[in-house]
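Worksheet: the structure to be examined is printed underneath.
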Amino acid sequence: MPRITAARVIVTCPGRNFVTLKIETEAGVYGLGDATLNGRELAVASYLTDHVIPCLIGRDAHRIEDIWQYLYKGCYWRRGPVTMSAIAAVDTALWDIKGKLANLPLYQLLGGASREGAMVYGHANGATLEATIENALHYKRLGYRAIRLQSGVPGLASTYGVSKDRYFYEPADADLPTENLWSTEKYLRSVPPLFAAAREALGWDVHLLHDVHHRLTPIEAGRLGKDLEPYRPFWMEDAVTAENQDSFRIIRQHTTTPLAVGEIFNSIWDCKQLIEQQLIDYIRATVVHAGGITHLRRIAAFADMHNVRTGCHGATDLSPVCLAAALHFDISVPNFGVQEYMRHTAETDAIFPHGYTFNDGMMHPGDAPGLGVDLDEVLAGNYPYQRAYLPVNRLEDGTLFSW
Ligand code: EZ4
Ligand code: CO
């Protein structure tokens, strides 16, 4: 049996922080798992180092399900982003080991490929409508079949989704949270013209997506969904916060625009009502924040029973280890929808050499055994942890709002 002999956490910051778990076995084979929780990285690192790793040593690395249940049920304090990201990292690393020992790429252990590749969506953004459209045209030229549109809002100095850099976006940009100002009225006026201009410039053969980032009430979201219907968006993401899930029923009563939610969900229980009652169309839970491949497959199977497809979160704060795991999951599950893809920087790609590829708007995880991604620890050591926070958001009168 491949006994676990050692495990450790590597934190590296090539422009942004990544937390990676490395599990070693006596067979000499090791596995990697992403444990990055943006803005709260060291909490997961400590959870793993101080509380999880001591329980792993000596266990059979093949017993993925048993170790998952041991860490989930065994800690008593179920769920939560820190716990579930830590469990995800262990789970992902164990699947990586199993793939390497079987000498098969992970997707072969998940039932094999259901499709030739995973359609991904890229992030077009700009300070103005015109700049966003120009950026969207750039993504179309790169071959993307699906493009997310986020634009600056006239009258607001900055907003979610608009990057300072032309090609890379990292919202956790300061060692104390920066503050944005928000106006729902200005925002709601700005999105329909953006979609109208996008259809004019890009045509109808490309999917268009938008992320509201949890900022509307259900009735406001209903209005936006209705206003966007003529432009046939692929989805409207995180239209409202998802603590009170009855909100989605109100949105549904007003619009046929498809709804996506779940990037901050960490368990199947967060998804239960929304999926069971068919209040959403896409579930955004992903490997690192939702308990790993083992748990995400359970969510996908449940979603498949209710006409809900997958749309894994894939922002740059999810490391290449998570992206590789997500791609193995994406090409194997029957009810795949789309995969978010924000390219990592060259520094990040150098630290995490990987076999996944982008071609003609689709990604493939590659055929190396396991995940097909590695970690250059020497290079990683050149980029020590730097504290970084996501911004906070206030209404124009100073009221703290959802970011
Ligand atoms: O704001 O991952 O759809 N993508 C997103 C992301 C999230 C970040 C938070 O760390 O909403 O950009
Ligand atoms: Co989002």
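Atoms within each ligand, like the ligands themselves, are counted from 1 in listed order. Below, all heavy atoms of this structure are taken into account, side chains as well, without hydrogens, waters or symmetry copies.
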Decide, yes or no, whether a salt bridge links [X] with [Y] under the criterion of side-chain N to carboxylate O below 4.0 Å.
{"X": "Glu377", "Y": "Lys22", "value": "yes"}
{"X": "Lys140", "Y": "Asp205", "value": "no"}
{"X": "Arg284", "Y": "Glu340", "value": "yes"}
{"X": "Asp238", "Y": "Arg215", "value": "no"}

Check the angle between the aromatic planes of Trp403 and Tyr160 and answer parallel, tilted or perpendicular using the 30° and 60° thresholds.
perpendicular
Name the residues in contact with ligand 1, where contact means a heavy atom under 4.0 Å away: which are they?
Asn38, Arg148, Tyr160, Asp211, His213, Glu237, Glu263, Arg284, His313, Ala315, Asp317, Glu340, Leu390, Trp403
Go around the Co ion (ligand 2) and count every protein N, O or S atom nearer than 2.8 Å.
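For the Co ion (ligand 2), protein nitrogen, oxygen or sulfur atoms under 2.8 Å: 3.
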Heavy-atom distance under 4.5 Å between the side chains of Val392 and Phe401, does that happen here?
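Not in contact.
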Taking the six-membered ring for Trp and the full ring for Phe, Tyr or His, determine whether the centres of His354 and Phe352 are under 6.0 Å apart.
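That pair fails the under 6.0 Å test.
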N/O donor-acceptor pairs under 3.5 Å from side chains in residues 382-389, not counting sequence neighbours:
unit_1, atom_1, unit_2, atom_2, d
Arg387, NE, Asp175, O, 2.9
Arg387, NH2, Asp175, O, 3.0

May I have all residue pairs that pass side-chain hydrogen bond (donor to acceptor under 3.5 Å, both in side chains) and include part of residues 306-318, sequence neighbours excluded?
Gln278-Asn307, Tyr282-Arg309
